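Just so it is clear, the structure is predicted and the values come from calculations on it, not from any experiment. Within every chain, numbering begins at 1; the chains are lettered A, B, ... in the order of the sequence lines, protein sequences first and strands thereafter.
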There are 2 protein chains.
Amino acid sequence: MSENNKQKAVLSVTEDIRSKILDGTYPEGMALSQVDIASTYQVSRTPVREALQILAGEELVEIRDTGRATVTTISPESFLEKCELRALIEVKLLELSIPLMGTEDIAKAREINESLKKCAPEEWTPLNYLFHEVLYKPANRPLMQNVIKDLHHRHYARLKSFILSHRNTPRSLREHDELIDRCERQDIEGACYALESHIMMSAYALAEQLKAQQLKRRQTASL
Amino acid sequence: MSENNKQKAVLSVTEDIRSKILDGTYPEGMALSQVDIASTYQVSRTPVREALQILAGEELVEIRDTGRATVTTISPESFLEKCELRALIEVKLLELSIPLMGTEDIAKAREINESLKKCAPEEWTPLNYLFHEVLYKPANRPLMQNVIKDLHHRHYARLKSFILSHRNTPRSLREHDELIDRCERQDIEGACYALESHIMMSAYALAEQLKAQQLKRRQTASL
DNA sequence: TACCAACAAAATGTATCCATTATGGTTTTA
DNA sequence: TAAAACCATAATGGATACATTTTGTTGGTA
């Protein structure tokens, strides 16, 4: 780090690799060589190794017993199960939240959904997460909130390219509106049901796309 | 590692520190100096640093921005929330499991609970986990099962000393019996309710003990 | 051609060294 | 006396060098 970048090397390297994995620059299964990364960032292998350990803890890279590191792959099955888990926790959070919601929470949610309706494609994922976060904040369950955030960031974010190509966003926005309405009416059961459908419907659609792409990739790879 | 121990240094160091944290040899808040650990295991600081990173990923140690590592502390609040999360997931797993349970699953569960009734104190925690694992296996949700396992191992195991001193084991065993009976009768709702109570009752009791011990420790520390 | 062995090249694991940063105690000063 | 500045010590961060393991390739043999 030749610049006036006083930040520790481990941190910047970790962040950069992480974002490259999330945005697909480093695709599934790609080998992450310590020496290559080290020369890329003009640092020694020491901070690189630490960065890879950290990312392994985040399940973004896998370190085999030979020491070789690769970008983890997302199987459609494990993706669906993560969505199930997400749905389970988010529904619980919503159930706890609704009785504690104030008018300002509802207003905030509406505001975010309006931004979602006219946001740029790259802004969709973080804004969408923000929408859900606002809904669960009254529940005051920092740990569960964190698990959700992780599921979003470490996993969901990697499907950004699908999400953009998937034409379900208009429906998502309608579902968001419906969700807000039910929260406002204190219709806990209805809101929870709507949320679970919202999550799982898009989950099934995305899993299908994932399966299709992996099939295609495997075919082109075998040529 | 002077012996014929051909295992990588990182692995043995990580495992040893982990078990020492879990069994309380390294108590909450204890500073983990790289040089001290390195000299303890007769290795250089390099593998020690990696081990600490790994343990930080498991939330067993905390690495501050100064680089100093300490054993993480367990606040009663976060402990309770982890139990809530555990209950949420385990209840879901049980709900999915019951319709798929065979007589051999029931028998296996009974068998483990019988072992629990006469096992040595050190065996209680792993056997108890095994009991729950058997109940959830038919659900076939490896990821959720894994989250549960982590919550048990990375967190619950550190309260072993409490669990041993706590006189709730007879009640736990009775609750296990009741749980098995309800599963056998395919009483999903009743079994889920029993499981949630089982988890949260012991959670509240343990949280109280935790609070008491931390208060006591803080008092003795201020002398 | 297929398979196996041996060797070469490359990548990882660990140790050691130096630079930098944090810490604790001492001294100085208001 | 209390607080701030300063310095000495100790600890961490990163780089380099060396050891070990892994991998790929080449050449020989059945």
Side-chain angles (χ1 to χ4, degrees), chain A residues 1-18 20-21 26-73 221-222, chain B residues 1-18 20-21 26-73 221-222:
Chain A
M1 306 281 87
S2 48
E3 317 279 311
N4 54 359
N5 194 344
K6 295 288 290 178
Q7 198 177 189
K8 290 179 193 171
V10 190
L11 292 183
S12 39
V13 171
T14 306
E15 282 173 21
D16 204 79
I17 298 178
R18 184 190 292 119
K20 282 201 167 66
I21 292 176
Y26 293 165
E28 287 187 2
M30 175 178 174
L32 297 173
S33 148
Q34 293 175 14
V35 288
D36 290 355
I37 297 171
S39 69
T40 299
Y41 295 99
Q42 295 289 312
V43 296
S44 78
R45 275 170 48 225
T46 314
V48 174
R49 289 172 59 92
E50 279 192 42
L52 290 175
Q53 282 297 355
I54 292 171
L55 293 169
E58 298 175 11
E59 291 179 49
L60 288 177
V61 321
E62 182 189 348
I63 300 181
R64 299 199 173 74
D65 29 359
T66 64
R68 267 70 197 279
T70 59
V71 178
T72 52
T73 63
S222 66
Chain B
M1 309 279 89
S2 48
E3 317 280 314
N4 54 357
N5 194 344
K6 295 288 291 180
Q7 196 179 189
K8 291 178 194 168
V10 190
L11 292 182
S12 39
V13 171
T14 305
E15 282 171 22
D16 204 82
I17 299 179
R18 184 191 292 118
K20 283 202 166 66
I21 292 176
Y26 293 165
E28 287 187 3
M30 176 179 174
L32 297 173
S33 147
Q34 294 176 11
V35 287
D36 289 354
I37 296 172
S39 70
T40 299
Y41 296 97
Q42 294 290 312
V43 296
S44 78
R45 275 171 49 222
T46 314
V48 174
R49 289 174 56 175
E50 279 192 41
L52 290 175
Q53 282 295 355
I54 291 171
L55 294 168
E58 298 175 12
E59 291 180 49
L60 287 176
V61 321
E62 182 189 348
I63 299 180
R64 300 202 170 74
D65 31 358
T66 63
R68 271 45 188 309
T70 57
V71 178
T72 52
T73 62
S222 67

**Study point:** DNA chain C-proximal residues of residues 30-38 of chain B, any heavy atom under 4.0 Å
**Key:**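 Per residue number, the list is empty: none.
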
Residues two or more places apart in sequence or in another chain: which of them pass side-chain contact (heavy atoms from CB on, under 4.5 Å) with [X]?
X	answer
Glu58(A)	Arg18(A), Ile54(A), Leu55(A), Leu60(A), Arg154(A)
Ser44(A)	Thr46(A), Pro47(A)
Thr66(B)	Arg64(B), Arg68(B)
Ser39(A)	none

Excluding sequence neighbours, so at least two apart, what forms side chain to side chain donor-acceptor pair (under 3.5 Å) with [X]?
X	result
Thr72(A)	Arg158(A)
Glu28(A)	Gln214(A)
Glu50(B)	Arg49(A), Gln53(A)

Check your understanding: Hey, are the side chains of Thr40(B) and Asp16(B) touching, using non-hydrogen atoms and a 4.5 Å cut-off?
Key ->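 Counting from C-beta outward, Thr40(B) and Asp16(B) never come under 4.5 Å.
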
Practice item. Side-chain contact test, heavy atoms from C-beta onward, threshold under 4.5 Å: evaluate it for Val48(B) versus Tyr41(B) and give yes or no. Key: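 No, too far: nothing below the 4.5 Å cut-off.
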
Just the rounded figure in Å: distance from [atom2] of [N] to [atom1] of [X].
X	N	atom1	atom2	value
Asp65(A)	dT21(D)	CG	P	14 Å
Gln7(B)	dT20(D)	CD	P	17 Å
Lys8(A)	dA22(C)	NZ	C1'	10 Å
Leu11(A)	dG13(D)	CG	P	10 Å

Practice item. List for me each residue that meets salt bridge (Lys or Arg N to Asp or Glu O under 4.0 Å) alongside Glu15(B), sequence neighbours excluded, and say none if there are none. Key: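 Checked Glu15(B) against salt bridge (Lys or Arg N to Asp or Glu O under 4.0 Å); zero matches.
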
Practice item. Please name all residues satisfying salt bridge (Lys or Arg N to Asp or Glu O under 4.0 Å) with Asp36(A), sequence neighbours left out, ordered by chain then number. Key: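 With sequence neighbours excluded, Asp36(A) shows a salt bridge (Lys or Arg N to Asp or Glu O under 4.0 Å) to no residue whatsoever.
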
All N/O pairs under 3.5 Å across the protein-nucleotides 16-19 of chain C interface:
none

Point to revise | Residues in contact with DNA chain D, drawn from residues 47-62 of chain A - heavy-atom cutoff 4.0 Å | key: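 Nucleic-acid contacts, sorted: Pro47(A).
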
Review point. Want to settle it: does Arg68(A) or Thr66(B) sit nearer the 5' end of DNA chain D, counting the closest nucleotide to each?
Key: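 Its nearest nucleotide lies further toward 5', so the answer is Thr66(B).
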
